[in-house]
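The structure appears right after this line, and notes come after that.
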Amino acid sequence: MALSARARIPVEVHASDPLSFAGATGQLRRQPEIELVEEMAGRAGTVAILLVDALDEATLSRLRRLTRTEGTRVVLVANALREADLLQVVECGVRAVVWRREATEDRLLQAVRAAARGDGDLPSDLIARLIAQVGSMQRGAERLPGTPASGLVRREVDVLRLVADGLSTEEVAAKLAYSERTVKNVMHGLTTRLHLRNRAHAVAYALREGYI
């Protein structure tokens with residue numbers, strides 16, 4: 001639903017350091033169409049701005065919690081994103097990405113507006129990289145009969161990424177908030193579908209095809 005002309009967008013700011021928090025809130029406070037709210041306020045239609053230096057596992061977990069559990073629309077402000085992070089960010093439900101070097105008052109407002117409408121707002125260079133990565137995944141999937149058209153599904157990539165980091169089934173389940181049975185079913189499903197011998201073979205396949 002489109003926002004009315006008088007609607008104010010509730011925005012919460014998440015930052016790892018007080019300086020970044022002060023800078024972002026200072027810019028947004030000057031915008032009359034934005035209403036700054038406390039973290040975890042639970043307001044319907046809230047846009048969460050998350051400022052990060054690097055996209056590590058803790059940040060990904062926070063993104064998943066914001067978009068899936070709290071139902072907010074996320075704007076990610078980051079220094080950079082690695083190739084391996086791109087699909088994870090999109091799959092987490094991030095609506096907009098802003099590079100820190102471009103995070104002016106007008107740019108942040110543009111991203112918040114897009115997220116509030118349910119639209120996407122990605123930097124042009126990120127879009128090009130994402131298209132290239134998806135194309136590579138699709139070409140890899142075409143070489144393997146029986147693979148879904150989109151390649152590995154999201155939760156398969158999530159599980160394999162953690163398996164590649166050496167985590168046990170129990171640890172993977174805890175990281176992703178899955179049951180151990182679910183993790184085992186994911187691994188069994190992808191190894192059977194792709195005719196892979198074991199976990200190590202599955203990780204090798206995912207690395208070779210550019211999924212992780």
Side-chain angles (χ1 to χ4, degrees), residues 14 16 40 48 50 52-76 78 80-97 115 118 120 122 126-212:
H14 301 253
S16 57
M40 311 291 285
L50 179 59
V52 299
D53 292 321
L55 198 70
D56 54 17
E57 187 56 40
T59 302
L60 286 170
S61 295
R62 193 171 193 181
L63 285 175
R64 294 188 189 102
R65 185 171 67 253
L66 284 169
T67 57
R68 298 176 187 176
T69 304
E70 298 159 21
T72 54
R73 297 167 177 177
V74 177
V75 174
L76 178 66
L81 290 175
R82 298 172 303 172
E83 297 295 331
D85 296 329
L86 296 182
L87 286 180
Q88 287 227 87
V89 166
V90 174
E91 289 167 350
C92 280
V94 172
R95 298 284 182 173
V97 175
L122 302 177
L126 189 60
I127 293 174
R129 288 162 57 195
L130 186 61
I131 290 172
Q133 188 171 6
V134 171
S136 176
M137 290 175 62
Q138 289 177 336
R139 288 191 296 274
E142 289 168 359
R143 293 195 293 270
L144 292 166
T147 303
S150 59
L152 292 173
V153 298
R154 179 179 64 197
R155 68 176 181 174
E156 290 174 339
V157 175
D158 289 344
V159 168
L160 283 176
R161 189 182 299 275
L162 296 178
V163 170
D165 287 338
L167 274 65
S168 66
T169 298
E170 180 181 0
E171 292 169 330
V172 171
K175 282 278 190 180
L176 298 177
Y178 292 159
S179 68
E180 289 187 47
R181 180 180 294 275
T182 296
V183 174
K184 290 176 181 177
N185 287 341
V186 169
M187 288 300 301
H188 176 74
L190 72 91
T191 54
T192 299
R193 188 181 75 245
L194 300 176
H195 309 291
L196 303 171
R197 294 185 297 276
N198 49 39
R199 288 162 62 108
H201 194 190
V203 169
Y205 163 79
L207 288 167
R208 184 178 64 250
E209 297 301 324
Y211 294 110
I212 60 177

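Index from 1, following the sequence.
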Using residues 162-170 as the side-chain source, report each donor-acceptor pair under 3.5 Å to any protein atom, sequence neighbours left out, with the distance given to one decimal.
{"from": "Ser168", "atom 1": "OG", "to": "Glu171", "atom 2": "N", "distance (Å)": "3.2"}
{"from": "Ser168", "atom 1": "OG", "to": "Glu171", "atom 2": "OE1", "distance (Å)": "3.4"}
{"from": "Thr169", "atom 1": "OG1", "to": "Arg199", "atom 2": "NH1", "distance (Å)": "3.2"}

| said: Run Thr59 and Leu50 through side-chain contact (heavy atoms from CB on, under 4.5 Å) and show every step you take. | reply: CA-CA 9 Å; Thr59 302; Leu50 179 59; 4.1 Å; yes
side-chain contact (heavy atoms from CB on, under 4.5 Å) between Lys175 and Arg161, worked out
CA-CA 11 Å; Lys175 282 278 190 180; Arg161 189 182 299 275; over 6 Å; no
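- In this structure, the side chain to side chain contact (heavy atoms under 4.5 Å, CB included) partners of Ala115, at least two apart in sequence or on a different chain, are Val47, Arg73, Val75, Arg95.
- Within the 4.5 Å cutoff, no side-chain heavy atoms of Leu122 are placed close to those of Val94.
- Ser179 pairs by the side chain to side chain contact (heavy atoms under 4.5 Å, CB included) definition with Arg181, Thr182, not counting sequence neighbours.
- Ala202 meets the side chain to side chain contact (heavy atoms under 4.5 Å, CB included) test with Leu160, Met187, Leu190, Thr191, Leu196; sequence neighbours excluded.
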*Carefully, step by step, assess Val172 and Lys184 under the rule side-chain contact (heavy atoms from CB on, under 4.5 Å).*
CA-CA 10 Å; Val172 171; Lys184 290 176 181 177; over 6 Å; no
Check against side-chain contact (heavy atoms from CB on, under 4.5 Å), Val183 and Leu176:
CA-CA 9 Å; Val183 174; Leu176 298 177; 5.6 Å; no
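- Counting heavy atoms from C-beta outward, Glu156 and Tyr211 have side chains that stay 4.5 Å or more apart.
- Partners of Ser61 by side chain to side chain contact (heavy atoms under 4.5 Å, CB included), not counting sequence neighbours, listed by chain and number: Glu57, Arg64.
- Using a 4.5 Å heavy-atom cutoff, the side chains of Asp158 and Val186 are not in contact.
- Applying the side chain to side chain donor-acceptor pair (under 3.5 Å) test to Asp53 and every residue at least two apart in sequence or in another chain returns Asn79.
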